[in-house]
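Fair warning: this is a prediction, and the values are worked out from it, not measured in the lab. Letters A, B, ... are given to chains in the order of the sequence lines, protein chains preceding strands, and every chain is numbered from 1.
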Amino acid sequence: MGQTLFEKVWNRHVVKPQTADSPAVLYIDLHLIHEVTSPQAFTVLRERGLPVRRPDRTLATMDHSTPTTPRNLDGIIPVLDVQASKQLDTLTRNCEDFGIPLYALGTEKQGIVHVIGPEQGLTQPGMTIVCGDSHTSTHGAFGALAFGIGTSEVSHVLATQCLLQSKPKTMAIRVDGTLSNGVTAKDIILAVIAKIGVGGGTGYVLEYMGSAIRALSMEGRMTICNMSIEGGARAGMVAPDDTTFEYIAGRPYAPRGQAWMDAVNDWRTLPTDDDAQFDAEVVLSADTLTPMITYGTNPGMGMPIDARVPDPDRASDVSERVALDKALTYMGLQPNQSLLGQPVNVVFLGSCTNSRISDLREAASLLRGHRVAEDVRMMVVPGSQQVKAQAEAEGLDQVFKEAGAEWREAGCSMCIAMNGDQLAPGEYAVSTSNRNFEGRQGKGGRTFLASPLTAVATAINGAITDPRQMLEREVIV
Amino acid sequence: MEPIKTFQGTMAPLAINDIDTDQIIPARFLKVTDKNGLGEACFSDWRYESDGSPKPDFVLNQPQYASAAILVGGHNFGCGSSREHAPWALMGAGFKAVISTYFADIFRNNSLKNGLLPIVVDEETYQQLLSLAEEEPDTAIIVNLEQEQIVLPDGRAVKFPIDGFSKYCLLNGVDQMGYLLELDDHINEYEEQNAGRVRTTQAGD
Ligand code: SF4
């Protein structure tokens, strides 16, 4: 029987197979680290007098608790507080002591950990990639097996370049058809999660397949794989193809010359064999998809933007009713109401889900010639310094600034609200990030997750807006 | 890590599904460089008013649950972020085990590595334990890791699944790093056989 993409990548990395008494030992090709989940792991190494086994397969960046405001006039980067500074200093010292390359705050390659890997060409098909961050699933867009780990596991990988893993099951997510105008990769993944639920992927690695996935750019595929974890899956993958190879070619860490040819030949063997079996399959049609939006307090509480908020009284069981009641109370929404026209205070365009150059281009193309509504704060936070530089070279920053949006430095920003960028209690935001949990974007803040196009349409009108309306209007004008 | 064998404890009921790690420990408390002191902030936004005073109706603020060692939570417990601060915070708040119908993968892994026992039970047992915790908060149950079971006050024993390796590590207080370090020969051999495949982070040109 044939093998799936996941099985091929898994099998290549087994250092010691799973037995009745112990899980498999898996070799890790690339380990990404950041300031928040690594300090305690380095402490373990120091306590045990251990070196980092492969500093040359490890890369660090600063992103979560870093400011996104520019340098002060005196050239100092305004880190939020003493604790954040200590965390950043700790990472600097750990990288120095253990010989790990660091894209530090204020340097030109710094950015969100899941943006910089692909951007530098470090993320490649067939690799195993881990990071102490659940959205490591992003890198699966390249046909890598990439997943988030905890801090204990970070210490394991630092010390041994290996992880203990029990083998997950596989789920095919098949999306065939063509997306209509105004419907994007973000809407596909929000629809997938609304369908399977936030726990539906638990224990599985997802493989996204079908014509709608093949038609996506690498950045669209990254948006989709990024949110696999929001369906409970550890990882999501897309088989590598010419789109993948074109994206990687010429990037700083991509192989060159003969090594490139060899690599591509190898990568072409990775896609799932025709006769391979998945443990589960989910099918979605791209033709009927609409822009999606979340109404509740987890990413599974999503619906088509023109649908109505579900009624807890019609829930299928008690626990679902309780969950829905709790979510709607927190969100300040009524059963059966439409979200179209719902006023918002903030629009956040950023995060490892939607802060890449194509996201900014798409957003700018809709925003051009419009203004952000009077009482709305729109923040645009590029995913990396390289994305920022590219956007500025294309003049996108001007589009955002002229429309009245804030153009910020790279980082996680209001996706996780650790750096001072946050909602005030009760404020509403349409956000291109990946989590609408209670308080995720600031204590008491209320988040609607949506695509960059929906975010921009909402920013212009000051209230939740179906981007398709605006796109139609653009055509008429 | 302290070995876990058998312990007795009372339960705190938190009948909410999909409890995410942002609730267990909000991100603003992650700006730490060690594991200690997170217990106070566990469930901070559900537990305290904005002026810092405790919300009386939240389970962890109710005196009858003050010394509970076992948290009973709804399905998909621990979803969301990979932060290991979540089990650290729960342990800091005095919990030794969490019981649910299923756990999010990363949370379960993180818990097992810290000696916080994630116990999976079926829906019926979950409902029973919830009622017990609500109606008789002083009643303790026994958790017996060796036998892979919990024992209810009426003597009924319910098995729970745990992989043999994690069980061994927990029973003996062994951490998994030591096991991996002993595989050095295997890892060397693997690296020799697969040397050329991956470019390193220091080879950029
Ligand atoms: S942007 Fe948000 S989700 Fe992505 S790594 Fe940063 S905090 Fe995590």
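Between the side chains of A:D133 and B:S82, no donor-acceptor pair of N or O atoms lies under 3.5 Å. Counted by atom type alone, A:K86 and B:T33 present one or more donor-acceptor pairs between their side chains at under 3.5 Å. Looking at B:W46 and A:E438, their side chains do bring a donor and an acceptor atom within 3.5 Å of each other.
Contacts between B:Q176 and chain A at a heavy-atom distance below 4.5 Å involve backbone atoms as well as side-chain atoms. For B:F29, no part sits under 4.5 Å from any heavy atom of chain A, backbone or side chain. Interface remark: A:V154 contributes no atoms to any contact with chain B (heavy atom separation under 4.5 Å). Contacts between A:V15 and chain B at a heavy-atom distance below 4.5 Å involve backbone atoms as well as side-chain atoms. If you measure heavy-atom distances from A:D21 to chain B, the contacts under 4.5 Å come from the backbone alone. If you measure heavy-atom distances from B:H75 to chain A, you find no contacts under 4.5 Å at all. In this structure, the portion of A:L45 lying under 4.5 Å from any heavy atom of chain B is its side chain and not its backbone. In this structure, the portions of B:N188 lying under 4.5 Å from any heavy atom of chain A include both its backbone and its side chain. For a residue to count as touching a neighbouring chain, one of its non-hydrogen atoms must lie under 4.5 Å from one of that chain's; by this rule B:L181 touches chain A with backbone and side chain alike. If you measure heavy-atom distances from B:F107 to chain A, you find no contacts under 4.5 Å at all. For A:A84, the parts sitting under 4.5 Å from any heavy atom of chain B are the backbone and the side chain alike.
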Residue pair A:K443, B:R28: steps toward the side chain to side chain contact (heavy atoms under 4.5 Å, CB included) verdict:
CA-CA 9 Å; A:K443 191 174 174 178; B:R28 62 183 182 280; 3.6 Å; yes
Apply the test side chain to side chain contact (heavy atoms under 4.5 Å, CB included) to residues B:L183 and A:T160: give CA-CA distance (whole Å), side-chain angles for both, the deciding distance (0.1 Å), then the verdict.
CA-CA 9 Å; B:L183 295 178; A:T160 68; over 6 Å; no
Can you list the steps and then say if A:T202 with B:F103 is a side chain to side chain contact (heavy atoms under 4.5 Å, CB included)?
CA-CA 8 Å; A:T202 306; B:F103 291 89; over 6 Å; no
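The most heavy-atom pairs under 4.5 Å with chain B, out of A:I149, A:T90, A:I229, come from A:I149. Interface check for chain B: of the options A:T37, A:T19, A:D81, the most heavy-atom pairs under 4.5 Å are formed by A:D81. Interface summary for chain A: among B:G80, B:A104, B:A27, the most heavy-atom pairs under 4.5 angstrom belong to B:G80. The residue among B:D45, B:I187, B:L30, B:N76 with the most heavy atom pairs within less than 4.5 Å of chain A is B:I187. Contact count against chain B (heavy-atom pairs under 4.5 Å) is highest for A:T58 among A:D262, A:V322, A:T58. Chain B forms the most heavy-atom pairs under 4.5 Å with one residue out of A:H135, A:R54, A:Q120, and that residue is A:R54. Between chain A and the residues B:I106, B:N110, B:D163, the most heavy-atom pairs under 4.5 angstrom are made by B:I106. For the set A:P39, A:S134, A:S38, the count of heavy-atom pairs under 4.5 angstrom toward chain B peaks at A:S134. Chosen from A:A263, A:A323, A:S155, A:G439, the residue pairing most often with chain B at heavy-atom distances under 4.5 Å is A:S155.
Taking CG of B:D22 as the start and CZ of A:R440 as the end, the distance is 4.5 Å to the nearest 0.5 Å. One finds the CE atom of A:M418 at 6.0 Å from the NZ atom of B:K31 (value rounded to the nearest 0.5 Å). The distance from atom NZ of B:K35 to atom OG1 of A:T43, rounded to the nearest 0.5 Å, is 8.0 Å. Here CD of A:Q18 is found 11.5 Å from CZ of B:F165. Values are rounded to the nearest 0.5 Å. Taking OH from B:Y190 and CG from A:L26, the interatomic distance works out to 8.0 Å, rounded to the nearest 0.5 Å. For the atom pair A:R435 CZ and B:S81 OG, the distance stands at 5.5 Å (nearest 0.5 Å).
Around the CD atom of B:E49, the shell of radius 6.0 Å holds more than 12 heavy atoms that belong to other residues, nucleotides or ligands. Within a 6.0 Å radius of CD in B:E124, no more than 12 heavy atoms belonging to other residues, nucleotides or ligands are found. Heavy-atom contacts from other residues, nucleotides or ligands closer than 6.0 Å to CD of B:E40 number 12 or fewer.
Minimum heavy-atom separation, B:I16 to A:K326: CD1-CE, 3.6 Å. For the pair B:M177 and A:A159, the tightest heavy-atom approach, listed with the atom from each and the gap, is SD-CB, 3.6 Å.
Taking 4.5 Å as the limit, some side-chain heavy atom of B:E84 sits within range of a side-chain heavy atom of A:S152. Between A:Q83 and B:V32, the closest side-chain pair of non-hydrogen atoms falls below 4.5 Å. Between A:S22 and B:Y168 there is no side-chain heavy-atom pair separated by less than 4.5 Å.
Under the rule for a ring-ring contact (aromatic ring centres under 6.0 Å, His included), A:H31 has no partner lying at least two apart in sequence or in another chain.
Note on B:E191 versus A:R53: salt bridge recorded, some NZ/NE/NH1/NH2 to OD/OE distance being below 4.0 Å. Using a cut-off of 4.0 Å between Lys/Arg side-chain N and Asp/Glu carboxylate O, A:R48 and B:D175 are scored as salt-bridged.
Side-chain atoms of B:D105 come within 3.5 Å of backbone N or O of A:G203 as a donor-acceptor pair.
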